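Structure record follows, encoded as structure tokens.
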There are 2 protein chains.
Amino acid sequence: MKPTVHDLAEAAGVSLATIDRVLNGRSGVRDKTRNRVLEAMDRIGYVRDVAAANLARQRFYDFDFIVPVNDNAFMQALRAEIVAAQARGGFERTRIRLIDVPAFDEEALEGALASALQRKPDGVAFVAIDSDRIVTAVSSLRDEGIGAVTIVSDLAEQSRDHYVGIDNVAAGRSAASLLGRFLTGVDGTVAIMAGSLSVRDHRQRLDGFLAVMQSEFPALRVLSPLQGRDEAHTVERLLTKLMEERGDLLGLYSLGAGNDGLVRALSQARVPPRFVIAHELDIATKGALRDGTIDAVLAQDAGHEIRSAIRVLTAHADRTPIIAAQERIRIEIYLRDNLPQEQP
Amino acid sequence: MKPTVHDLAEAAGVSLATIDRVLNGRSGVRDKTRNRVLEAMDRIGYVRDVAAANLARQRFYDFDFIVPVNDNAFMQALRAEIVAAQARGGFERTRIRLIDVPAFDEEALEGALASALQRKPDGVAFVAIDSDRIVTAVSSLRDEGIGAVTIVSDLAEQSRDHYVGIDNVAAGRSAASLLGRFLTGVDGTVAIMAGSLSVRDHRQRLDGFLAVMQSEFPALRVLSPLQGRDEAHTVERLLTKLMEERGDLLGLYSLGAGNDGLVRALSQARVPPRFVIAHELDIATKGALRDGTIDAVLAQDAGHEIRSAIRVLTAHADRTPIIAAQERIRIEIYLRDNLPQEQP
DNA sequence: CAGATTTTGACGTACGTACATCAAAATTCT
DNA sequence: AGAATTTTGATGTACGTACGTCAAAATCTG
């Protein structure tokens, strides 16, 4: 059977107390002894029973989730999933604190990270804004041994422990590929609606999209992107104006939020674009997919992301490996025909 | 803090021993007393600490996974994921037995299920063949309290505890939708390569595909499906012959396995179809997506499916609820541009 | 080498639950 | 009512680990 601390003590020729000192990094163990224990550990293949350990120490995992206040459906879904995770906290031995910050506000995020540094939770998950100040704040957290996980939008590589979210460049490329192939044989103009190009995920989607459009569908002319700030009414206004100005719009890629406004503008247009692709599955886009206003949607599953963030942070706290494949968040592509059916 | 058995005993006004009898369904408790305990349970919101319980009873979950022997890449991936799960068994307190059966062999599957009935594991997961005999065998298992989960291919509803796999009708519909929209403006002929129409998942994919083709793309003529038995060389032979007979093939939907043969036939064809869509992401289809031999791939993640099956079976054994959204297996759509990059 | 200091061992209790045993109390039967 | 039977309680040990205390042993210091 799986070796226990007792087996380990015997194998290393030391007492249980010493095993405990080594396993839990307590002081007062000579290097020679510690090495003997470590050697015995991988000789007999001892792995700590995390469940028993957590039971004994009454362990609870303290996590902070910092989420921008934003009326868009995806952020609300994310928030709802955090609340659902809080409810499961008793079973999963987690205590999750949900911290709101104003959207696109670097200072506020920095403040939230600083206050997390005060509280010293076991880990922090946050929607990143990619800037030096944030990177600095995060590295202070990590210096304290606090796990740092970005969700949805990433920081520069290496400055966090893990990123939970889709590959946004690939998302942009996929959008271009779908759009380009659905519009074969024709040439015309394609528009882009972004949220804000100062956020890394939007920039990456744009980059991916433009790269594929240029190299593979040069016949399609791409207008420079509009910025709707992820606000429904702004998106609606800008898009309506654009479609009035030019009736020949062939395709549209909406890479940010504000889908309510997007759908409203499209359904009121005299001549809507032939192919429209947007991000995130919400009530607006589901309806629009069904009635053909939108042709395809790229999405990420908020529930998966929150659960993944929790697993990753827990593993970090336990110094336990993660199952990499399980934590890869996939880009979901939805057409009318593979919409997930509502559960009754 | 979370109430324990002690709190429960106090709340119900009985002793710990009685609590234990009720919780673990032991005999010798008057109905009146049992009800008092149950009432107290949901009054104070007691939930058993499964980790502690498992520790105390040294519990291991015994699961049987019955998988057809099949040289196709997806089944091999499934098998590999089961092996990986076996390796994690120590941590997850599971003991997984991998049982091979010949592919498409109803009797063999029935025998495997019967032998599981002998062993009395906590749960059984299997790739179903949809027939009365199998349904009967499964219901014997369930009568014994053994959890029964179908993976990849389902049984008739209600005859198993859970199905882990994609919605195959939706998959077929999505294939049609992609194919139809990528081939707008032209009319011509579309071919279908199935594995065997006696398996439920293939039949369902076909149904979904045909439904959408007929209702939305009536201009495209659909040939009656070939059956390649999921064998690479059969698929290659049939497809090569077909393409030689008619050089005007516009589209192809391969809804079964044998992707090696599919790709070989396509890359050797004089005039390959304009749009090809297949199932499952493996070396053959990845390569073919990259070089344009195949345009789109519908896939399911074998790792997710195995992990989901384990979670579901564990929950069944513990009489614990599952997170429904987490266990929904999604249809993944891959284009060249959203291929998951290999981890280094 | 004695004394100071560090390292190690022995042991007990706890976490929340399972499970077994024996005695006491309550209920049912005759 | 008394005996037989069923139900309930009291108590102890175990699971694998954490953590604390105290004494013994080993090592270092001058």
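Given the structure is predicted, the values throughout are model-derived calculations rather than measurements. Order of the sequence lines fixes the chain letters, A, B, ..., with proteins taken first and strands second; residue numbering starts at 1 for each chain.
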Nucleotide by nucleotide, nucleotides 15-28 of chain D touches protein heavy atoms under 4.0 Å in the pattern (B base, S sugar-phosphate only, - none) BBBSB-------S-
Between A/Thr18 and C/dG9, is there a side-chain N or O to OP1/OP2 distance below 4.0 Å? yes
Less than 4.5 Å apart, any side-chain heavy atom of A/Val138 and any of A/Phe126? yes
Can you confirm if the NZ or CZ of B/Arg93 lies within 45° of the ring axis of B/Tyr61 and under 6.0 Å from the centre of its six-membered ring? no
Grab the CG-C1' distance between B/Asn35 and D/dT7 for me, whole Å please. 15 Å
With side-chain hydrogen bond (donor to acceptor under 3.5 Å, both in side chains) as the criterion, how do B/Asn70 and B/Arg79 come out once you've worked through the C-alpha distance, each side chain's angles and the decisive distance to 0.1 Å? CA-CA 10 Å; B/Asn70 202 316; B/Arg79 182 170 267 103; over 6 Å; no
Between A/Ser27 and A/Arg21, what is the shortest heavy-atom contact and its length? O-CD, 4.1 Å
Charged N to carboxylate O under 4.0 angstrom, B/Arg160 versus B/Asp154? yes
Between A/Arg30 and A/Asn35, a side-chain donor and acceptor under 3.5 Å: no
Distance, rounded to the nearest Å, where B/Ile19 contributes CD1 and C/dA20 contributes P: 18 Å
Nearest whole Å is fine: how far is C/dG9 C1' from A/Leu8 CG? 15 Å
